[in-house]
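First listed ligand is number 1; within each ligand, the first listed atom is number 1. This one's a predicted model, so the numbers in the text were calculated from it and none came from an experiment. Sequential numbering from 1 along the given sequence is applied to the chain's residues.
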Amino acid sequence: MHHFTYRENQLYCEDVPVQTIAAAVGTPFYLYSHATLTRHLKAFQEAFEGIDHLVCFSAKANTNLAILKLFAASGCGLDIVSGGELYRGRQAGFAPDRIVYSGVGKRIDEIDDALKAGILMFNLESVDELKLIDQRAGRLNRRARVAIRVNPDVDPKTHPYISTGLKKNKFGIDTEAAIEGYRLASGLEHIEVIGIDCHIGSQITEAGPFEDALKSVKSLMIRLKSEMGIDIKYIDMGGGLGITYGDESPPSLKEYAKAFLKSLEDMAVSLILEPGRVLVGNAGILVTRVLYNKAGQDKQFIIVDAGMNDLLRPTLYNAFHAIEPVVRLDTSFTVADVVGPICESGDFLALDRNLADVTGGDLLAVMSTGAYGFVMSSNYCSRPRVAEVMVKNDQYHVVKQRETYADLIRGESLPPFLDD
Ligand code: LLP
């Protein structure tokens, strides 16, 4: 459910015609609906009513400050994977005791910043990391609250690049090694063991893998209590719930939550969830302008002003994003590749897509790009990163300015020896 709808053949975001924004800010740009964001977060929070829980938005999906601020103000916590995300989260007003920190490669400076901020929990991914955090906490005179990320070897049945809970993935620690990790952790002076963490992958469209992962976490929790007397206060089940991009039918929030509610109702434990995509994915679109049509020998091409540097998902994961005209015209349809201006054949937004006939100047909306869209964009080919805009009712605001050419060379410096 989202708030991008047609009124008399014009695409609107809430009460603002997308065309109006394009005329004012230029293209390409990402466009987010405040109502969709709010609705998704509320629905997610409500689905878990009935058990003690904390929803920590997974910042990596979209770190725009306006979105972070909106979520922080709605009682949400934050899942971070870097010092940069911690910084953004603090700027947006997230209380430190609602921040969890995941990721396999935390640096010392990042660990220190998180310790000083007093975050709720580090999700540890290796024994080396556990030892380092104990050491740093000692040095800073703190106690680090930790969970160990366990890898339950569950197949999330998603794209291999975004599957994380299999033995062969770099994430987490397998259950037996985790037991040893907990034994070690519980004896360390500057470590307080409070949780178990688990995240099996992203864009998961079935409830089964979540249920299997939870089963594994629950039995670990029981073993930790019986074998070592460790009381687990938090179970963090990560994110991963999929959304509808095309013909997927992921479980509803109620179905997804049911798996957790049933299994945890008799446990004195607080559930943490780290949703990313499901909160922001369908709340955003990428608006791009058609530059040219071109008839290749075998194919029709629609060349647009957004490229793989602006939206990487189609080429990186072969991901499907629906593409809709911003103004619906009564034209015939054509099968074409929608491609960008970049010098690579992998630079496409859609392949062999049945689209209304469009011509230079027409606007297209690449749907469901609120998650992992702007955040994965780059300056490849010296293309300034695009603007981001948020709409609320009949108002819109540029929440990130389009970069300028001057931004492209900011921080670069010519070595004096070039003049030798
Ligand atoms: N927690 C952890 C530890 C994660 O690694 C992730 C995503 C999440 C939560 C949020 O997962 P979500 O609810 O969004 O599925 N760039 C890829 C997705 C990578 C996801 C990485 N981790 C894409 O564009 O599909």
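- F122 does not carry R145 over the face of its six-membered ring by the limits of under 6.0 Å from the centre and within 45° of the normal.
- Summarising the geometry of I133 relative to A144, their closest heavy-atom pair is CG2-CB, 3.5 Å, with the distance given to 0.1 Å.
- In I204, neither the side chain nor the backbone holds a heavy atom less than 4.0 Å from any atom of ligand 1.
- Those atoms of ligand 1 that come under 4.0 Å of a heavy atom in E274, given as number and element, are 1 (N), 2 (C), 3 (C), 8 (C), 9 (C), 10 (C), 13 (O).
- Residue contact annotation: V278 has no non-hydrogen atom under 4.0 Å from ligand 1.
- Proximity annotation for atom 21 (C) of ligand 1: of K60, R313, R149, E125, K60 comes nearest, heavy atoms only.
- Applying the side chain to side chain contact (heavy atoms under 4.5 Å, CB included) test between I119 and each of D113, D97, L86 identifies L86 as the sole match.
- The only option from L70, I67, V391 that meets the side chain to side chain contact (heavy atoms under 4.5 Å, CB included) definition with H34 turns out to be L70.
- Using a 4.0 Å cut-off between a side-chain N of Lys or Arg and a carboxylate O of Asp or Glu, E192 and K233 qualify as a salt bridge.
- Of the heavy atoms in H199, only side-chain atoms (C-beta onward) come closer than 4.0 Å to ligand 1.
- The distance from ligand 1 to the heavy atoms of R277 drops below 4.0 Å at these ligand atoms: 12 (P), 13 (O), 14 (O), 18 (C), 23 (C), 25 (O).
- Note on ligand 1: P275 sits in its first shell, one or more heavy atoms being nearer than 4.0 Å.
- Residue contacts with ligand 1 include G240, since one of its heavy atoms falls under 4.0 Å from the ligand.
- The nearest pair of heavy atoms linking N293 to V358 is ND2-O, 2.7 Å.
- In summary, K299 and D352 engage in a salt bridge, as defined by a charged side-chain N under 4.0 Å from a carboxylate O.
- Considering backbone and side-chain N/O of G276, one or more are found under 3.5 Å from N/O of ligand 1.
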